[in-house]
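As structure tokens, the structure follows; a few thoughts come after it.
If you read the sequence from its start, that first residue is 1, and numbering goes on from there.
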Amino acid sequence: MEKELKLDTVAIKSGESFSKKLWVIIPAALLLGLILVLIYNHHAEFSWQGFLDGFNQEFLIFFLIGVFAQLVDGTLGMGYGATSTSFLLAYGVSPVISSGGVHVAEMFTTGASAISHHKFGNINKKLVKNLLIPGVLGSITGAYLLSDVIDGDVIKPFIAVYMIVLAVIIIRKALNKTIIKKKTKRLGILATFGGFMDAVGGGGWGPIVTSTLLGRGRNPRYTIGSVNAAEFAVSFASGVTFMLFGGIHGWQVIIGLILGGVIAAPLAAFLVNKIKRKPMMVAVGILIILLSLKTLSKLL
């Protein structure tokens, strides 16, 4: 009897150990597969001399943009797309290359972020599972519609106003001495909307999903880690969809963003554990307001 119990215990622990490894194996395998596909489809576009020439001052700028954007996204749970795209456009990169480069780079940076958050114990697996499939479906739908049907600029003002409202709620809750945690209902709808708007508007998964969850009083560490982990699947789905319809351009931008983001991801995941709850929520609120006001100012 005791031997059977021991065997059952060993089997349970072995199953749990394998389940934990899947959180690292799956993102790593998908990223490796993506790299092989990119190499197979685009190897003719590269040469050794062109590769060496690409490491210049511009590459350094794109690399630093990737580092900063990932630090913002990894510690606050949002802002990678909005931050990196804003910097690229300000530097003079065309909107087409900026958007495509950010989406492809996010496929790698969010994978590194998911692995890093898992390593530092920042992930609520139940929350990730509730966000994953609806978020992916929303992102695929949004990417497809943006490619063929709608103009993402038309609905940007509405989402920007929504973000400002959420930001005010978050800051108010952060300044309150006591925050009452409320159960977040309809996570599937929230994730679908966040994934859809992220694909259509060039960003929004973090501001929509993270902001809503933090506004409901959820723990910032596990909320940010979990939303970032789910974002890998969302970004991967939308990135593949955009690649199928529009192709890939601006390799120097993409590689700079990827390397900067991958290097910064572990540091960002580590900092989540060190930042206190209230300052983090205030920072999240201020970031959303600034990004949303910038979006509105461009559209007015």
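Once rounded to the nearest 0.5 Å, the distance linking CD1 of Ile255 with CD of Gln252 reads 8.5 Å. Remark: Ile115 CD1 to Ile123 CD1 distance equals 9.5 Å, nearest 0.5 Å. One distance of note links OG1 of Thr210 with CD of Glu231; it measures 7.5 Å at 0.5 Å rounding. Taken to the nearest 0.5 Å, the OG atom of Ser226 stands 11.0 Å off from the NZ atom of Lys125. One finds the OG1 atom of Thr212 at 5.0 Å from the CG atom of Leu190 (value rounded to the nearest 0.5 Å). A distance of 8.0 Å separates CG of Leu257 from OG1 of Thr109, quoted to the nearest 0.5 Å.
Taken together through direct or relayed side-chain contacts under 4.5 Å among Ile, Leu, Val, Met, Phe, Trp and Tyr, Val136 and Ile189 form parts of separate hydrophobic clusters. By the criterion of side-chain heavy atoms lying less than 4.5 angstrom apart, applied directly or through intervening Ile, Leu, Val, Met, Phe, Trp or Tyr residues, Val67 is grouped together with Phe270 in one hydrophobic cluster. Both Ile224 and Phe68 belong to a common hydrophobic cluster when Ile, Leu, Val, Met, Phe, Trp and Tyr are linked at side-chain heavy-atom distances under 4.5 angstrom. There is a path of hydrophobic side-chain contacts, each under 4.5 Å, that joins Ile164 to Ile171. In terms of hydrophobic clustering, with Ile, Leu, Val, Met, Phe, Trp and Tyr side chains grouped at heavy-atom distances under 4.5 Å, Val227 and Leu187 are assigned to a common cluster.
Looking at heavy atoms from C-beta onward, Tyr80 lies out of side-chain contact with Val72 at the 4.5 angstrom threshold. The shortest side-chain heavy-atom distance between Asp198 and Ser139 does not fall under the 4.5 Å cut-off. When side chains are defined from C-beta on, Ile263 does not count as touching Gln70, because their heavy atoms never get closer than 4.5 Å. Ile254 is not listed as a side-chain neighbour of Phe108, based on a closest heavy-atom distance of 4.5 Å or more. Counting heavy atoms from C-beta outward, Glu58 and Val253 have side chains that stay 4.5 Å or more apart. For the pair Thr110/Val234, no side-chain contact is recorded, criterion being any heavy-atom separation below 4.5 Å from C-beta on. Using a 4.5 Å cut-off on side-chain heavy atoms (C-beta onward), Leu127 and Tyr222 make no contact.
Between Ala199 and Ala143, the shortest heavy-atom distance links the atoms CB-N, 3.4 Å. For the residue pair Ala191 and Trp205, the shortest heavy atom distance occurs at O-CZ3, 3.3 Å. Considering all non-hydrogen atoms of both residues, Ala230 and Leu131 come closest at CB-CB, 4.1 Å. Residue Ala229 comes nearest to Ala114 through the heavy atom pair CA-CB, 3.7 Å, listed as atom of the first residue, atom of the second, then distance.
Using a distance-only test at 3.5 Å, with no hydrogens or angles considered, no donor-acceptor pair links the side chain of Asn122 to the main chain of His118.
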### Task
Check the pair Ile140 / Val240 against side chain to side chain contact (heavy atoms under 4.5 Å, CB included), numbers first and verdict last.
CA-CA 9 Å; Ile140 292 175; Val240 169; over 6 Å; no
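By the side-chain hydrogen bond (donor to acceptor under 3.5 Å, both in side chains) test, Ser113 is found to be paired with Asn228, residues two or more places apart in sequence or in another chain being considered.
For Phe87 and Phe62, the gap between ring centers reaches or exceeds 6.0 Å.
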